[in-house]
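Worth saying up front: this structure is predicted, and the values here are computed from it rather than measured. We number each residue from 1, following the sequence as shown.
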Amino acid sequence: MVRRVVILLLAFVAVHVTVGILGFQQPNEPMGDVYLVYEPWSRCALFGSVDITSCTRSVAWEWPGITEKWIYPQLAFLPMTFAWLFAWAISYTPAWALTVSLANLIAFVVLVGSARSRGRVIAAAFWLAAILLIGPVGIYRIDGITVPFAILGGIWLVRRPFVASALLSIAVWMKVWPAAILAAGFVAIRRRLALVWGAVAVSLATIIPVVALGGAPYVFGFVGDQTSRGIQMEAPVGGLYMFLASFYVPGSEVYYDGTVLTFQVTGPGADVVIAAMTPIMLLVMLAVLVVGARKMWRGATFLSLFPPLSLALVTAFIALNKVGSPQYYVWLFPPVVLGLMLDRRRWYGFAALTLAIAGVTQWVYPLVYDGLMATHPAPFPVFLLEIRNLLGVVLMVWAIVRVFRAPTERVARPKDLREWVIGRRSVPARVAAK
């Protein structure tokens with residue numbers, strides 16, 4: 001067992017060093033967000049500046065999310081500022097990579113444990129392969145720091161629901177997507193009230209200081225900013241427009257939005273699609289949650305329901321979103337890691353498809369990304385991009401089907417909703433420890 005742990009830890013170091021170096025070697029600066037965006041933002045917040053993009057004069061205090069609207073929830077500043085603990089010695093960009101790697105290491109060690117569980121070992125090996133295949137974008141983005149929080153939260157959902165909820169809620173206040181895993185947990189475990197209290201505690205610990213510092217108007221500014229955005233060129237819903245732009249169809253083109261710092265695509269009827277996608281995404285996710293709740297009500301177990309439900313919600317968040325950056329695909333890693341850990345034989349297919357998606361994602365960004373950024377993108381990169389998007393849709397449908405097919409047993413049902421929410425019946429020990 002000790003030998004297995006040592007091998008996994010050596011593999012962990014090798015993968016993170018490789019991916020960290022690739023960030024400086026590959027085209028299109030996959031680590032660019034770190035030194036172009038995260039470093040200036042955090043520098044200005046820590047040291048003050050009139051201009052949030054320059055920090056050349058320390059005469060005013062600027063903190064996005066508190067003194068102005070920001071595209072991220074407020075706790076996204078935690079890892080951005082934490083990286084400065086190492087930046088004095090190795091500069092900010094490597095310090096960011098080190099910060100993400102340390103967070104990954106903590107979750108990795110907890111996941112592997114003593115390495116006696118084959119499911120945990122396979123899940124750890126999958127995670128390392130996924131990090132390597134998706135490449136630098138999995139480390140040099142804020143999304144990367146949320147993955148270990150989500151994995152730890154999923155591991156501890158049954159036995160430590162309050163701690164799990166707190167970790168997932170911290171991740172939500174960095175990047176919203178872990179709310180999908182938290183919602184799946186609320187449906188699939190019995191001690192739901194502990195999840196509620198964990199989320200409330202973290203939310204209050206975030207909101208109260210922000211309001212006290214004068215940031216009340218911007219507490220939820222990231223929500224409005226996301227819903228008002230156009231169609232990002234990597235989003236699955238933008239696939240048709242990307243092909244139209246690629247073949248010079250009038251009115252269809254790729255353009256750069258300097259406000260949200262991303263490339264978007266437009267074409268005939270784009271305004272209707274922009275207005276419709278967020279409601280469609282939320283309705284699908286709500287419908288999946290209702291199906292999951294009904295399954296749980298009828299006797300489904302945590303083991304059979306939580307992993308596919310969390311994956312279904314996360315993939316819907318990606319596949320039906322009008323925003324679709326390459327780093328979003330690291331969101332797939334925690335549900336698949338948890339699925340392999342709990343029920344590996346039924347999750348090999350999900351894992352293989354996720355690894356394929358990760359590999360194509362790195363091929364698209366940063367390797368052939370130049371061909372997508374033109375007003376009329378090149379056909380081959382568009383083809384690769386849409387293959388990746390199609391695989392993501394297939395993964396979503398597969399996960400939803402698995403939720404519908406989750407086995408149920410006849411059980412004593414709660415007498416009312418209050419009993420269902422507060423219920424303290426725990427999952428059998430054999431399931432929790434698996």
Side-chain angles (χ1 to χ4, degrees), residues 104 107-108 110-111 119-120 122-131 133-134 138 143-158 164-165 167-168 171-172 175-189 195 281 284-285 288-289 291-292 295-296 300-321 327-358 361 391-406 431 434:
N104 282 351
F108 190 79
V110 173
L111 172 64
R120 286 176 175 261
I122 291 173
F126 160 81
W127 188 16
L128 292 182
I131 292 172
L133 284 170
I134 204 166
D143 305 71
I145 200 75
T146 61
V147 170
F149 282 88
I151 289 175
L152 285 174
I155 291 172
W156 289 333
L157 262 175
V158 173
S165 177
L167 289 170
L168 287 166
V172 169
K175 200 72 186 283
V176 175
W177 76 268
I181 296 179
L182 188 58
F186 183 81
V187 168
I189 74 167
L195 292 187
M281 178 185 72
V284 169
M285 294 177 72
V288 172
L289 275 173
V291 172
K295 286 286 184 177
M296 200 67 188
T301 63
F302 177 85
L303 178 69
S304 66
L305 184 62
F306 172 73
L309 181 58
S310 61
L311 182 61
L313 293 173
V314 168
T315 50
F317 211 156
I318 297 171
L320 302 176
N321 205 324
Q327 63 266 24
Y328 284 17
Y329 288 86
V330 303
W331 304 357
L332 301 176
F333 301 168
V336 179
V337 164
L338 297 170
L340 288 169
M341 184 185 77
L342 294 170
D343 194 15
R344 66 181 185 278
R345 291 182 179 86
R346 292 185 176 90
W347 277 78
Y348 288 142
F350 286 122
L353 183 52
T354 300
L355 292 177
I357 290 171
T361 297
L391 292 177
V393 173
V394 170
L395 187 62
M396 176 188 71
V397 173
W398 191 3
I400 291 174
V401 169
R402 183 66 66 84
V403 172
F404 271 91
R405 293 183 176 178
V431 172
K434 212 162 186 178

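- Taking Trp177 as the reference, Trp331 meet the ring-ring contact (aromatic ring centres under 6.0 Å, His included) condition, with sequence neighbours excluded.
- The side chain to side chain contact (heavy atoms under 4.5 Å, CB included) check on Leu338 picks up Ile155, Phe306, Met341, with sequence neighbours excluded.
- Taking CD1 of Ile134 as the reference point, atom OG1 of Thr361 lies at 5.0 Å (rounded to 0.5 Å).
- Nearest heavy atoms, Ala180 versus Leu313: O-CD1, 3.3 Å.
- In this structure, Arg346 contributes its side chain and Gly339 its backbone to no donor-acceptor pair below 3.5 Å.
- Taking each heavy atom of Leu168 and Gly153 in turn, the nearest pair found is CG-CA, 4.1 Å.
- With rounding to the nearest 0.5 Å, the separation of CG in Asp143 from CZ in Phe333 is 11.0 Å.
- Here the side chains of Leu311 and Leu332 are in contact, with some heavy-atom distance below 4.5 Å.
- Shown here are the side chain to side chain contact (heavy atoms under 4.5 Å, CB included) partners of Pro307, two or more places apart in sequence or in another chain: Leu342, Trp347.
- Looking at every heavy atom in both residues, Phe302 comes nearest to Met296 through N-CE, 4.4 Å.
- Looking at every heavy atom in both residues, Ala319 comes nearest to Val393 through CB-CG2, 4.1 Å.
- In this structure, Trp127 CH2 and Asn104 CG are separated by 4.0 Å, a value rounded to the nearest 0.5 Å.
- The structure places OG1 of Thr354 at 11.0 Å from OH of Tyr329, a figure rounded to the nearest 0.5 Å.
- Checked against side-chain hydrogen bond (donor to acceptor under 3.5 Å, both in side chains), Ser304 has the following partners two or more places apart in sequence or in another chain: Thr301.
- Minimum interatomic distance between Ala184 and Leu289 (heavy atoms only, all atoms of both residues): N-CD2, 4.4 Å.
- Taking OG of Ser310 as the reference point, atom CG of Leu305 lies at 9.0 Å (rounded to 0.5 Å).
- Atom CG of Leu391 is separated from atom OG1 of Thr315 by 13.0 Å, given to the nearest 0.5 angstrom.
- Nearest heavy-atom pair, Ile122 versus Arg344, reported as atom, atom and distance to 0.1 Å: CD1-CD, 3.6 Å.
- Qualifying side chain to side chain contact (heavy atoms under 4.5 Å, CB included) partners for Ala316, counting only residues two or more places apart in sequence or in other chains: Val284, Met285, Leu320, Met396.
- In Phe404, the CZ atom is not crowded: 12 or fewer heavy atoms of neighbouring residues, nucleotides or ligands sit closer than 6.0 Å.
- The side chain to side chain contact (heavy atoms under 4.5 Å, CB included) test applied to Ala171 returns Thr146, Phe149, Pro178, not counting sequence neighbours.
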